[in-house]
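For reference, the structure discussed in these notes is given below.
Values below: every heavy atom of this structure, side chains too, minus hydrogens, waters and symmetry copies.
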Amino acid sequence: MHSPPASDPTRWRLVRAITLVLLAIWFAVTFVATFFARQLDFIWFGWPFGYWVAAQGALLVYLVLIGAYAWVMGRLDAALARGAG
């Protein structure tokens, strides 16, 4: 399969936009949700719900972000390779 040129400005604009969106989601999960997790003071499986949001939920979101980035970048590279070839 032929890959798109590395210096393609359209590709880098799309990559930058995708990265910024995913970083915004990362920021919201890491800082915003964790900050407000203290207000969630009910017990969930023997632990405060804020603990689960900060410790367990964030890890799941990070895994989804990594998978989404890999999937989107694979589709982007394939689409640009079809267009270039």
Side-chain angles (χ1 to χ4, degrees):
M1 177 189 289
H2 184 269
S3 62
S7 63
D8 184 14
T10 302
R11 179 183 189 276
W12 288 111
R13 191 173 16 285
L14 290 170
V15 168
R16 188 172 30 246
I18 292 165
T19 303
L20 288 175
V21 167
L22 294 177
L23 279 174
I25 295 169
W26 170 83
F27 178 82
V29 168
T30 302
F31 296 106
V32 177
T34 304
F35 180 76
F36 290 110
R38 286 184 273 163
Q39 297 173 355
L40 304 171
D41 58 352
F42 59 91
I43 301 300
W44 179 267
F45 292 111
W47 293 87
F49 186 70
Y51 168 79
W52 287 104
V53 168
Q56 307 300 324
L59 293 175
L60 295 174
V61 172
Y62 299 154
L63 288 173
V64 169
L65 287 175
I66 292 168
Y69 180 78
W71 182 74
V72 168
M73 292 306 296
R75 293 191 48 127
L76 177 65
D77 285 343
L80 291 175
R82 278 194 305 271

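- For F45, the side-chain contact (heavy atoms from CB on, under 4.5 Å) partners two or more places apart in sequence, or in a different chain, are W52.
- Hydrophobic clustering (side-chain heavy atoms under 4.5 Å, transitive across Ile, Leu, Val, Met, Phe, Trp, Tyr) groups W12 together with L76.
- Residue Y69 is grouped with residue W71 when hydrophobic side chains (ILVMFWY) are merged at heavy-atom distances under 4.5 angstrom, including chains of intermediate members.
- Residue V15 comes nearest to T19 through the heavy atom pair O-OG1, 2.8 Å, listed as atom of the first residue, atom of the second, then distance.
- I66 and I18 are not part of a single hydrophobic cluster, where members link through side-chain heavy atoms under 4.5 Å apart.
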Considering only distance and modelled atom types, tabulate donor-acceptor pairs under 3.5 Å from the side chains of residues 20-33, sequence neighbours left out.
residue : atom : partner : partner atom : Å
W26     : NE1  : T30     : OG1          : 3.3
T30     : OG1  : W26     : O            : 2.8
T30     : OG1  : Y62     : OH           : 2.6

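- How far CZ of R16 is from CZ of R11: 12.0 Å, rounded to the nearest 0.5 Å.
- With contacts defined as side-chain heavy-atom distances shorter than 4.5 Å, the pair R75/V72 does not qualify.
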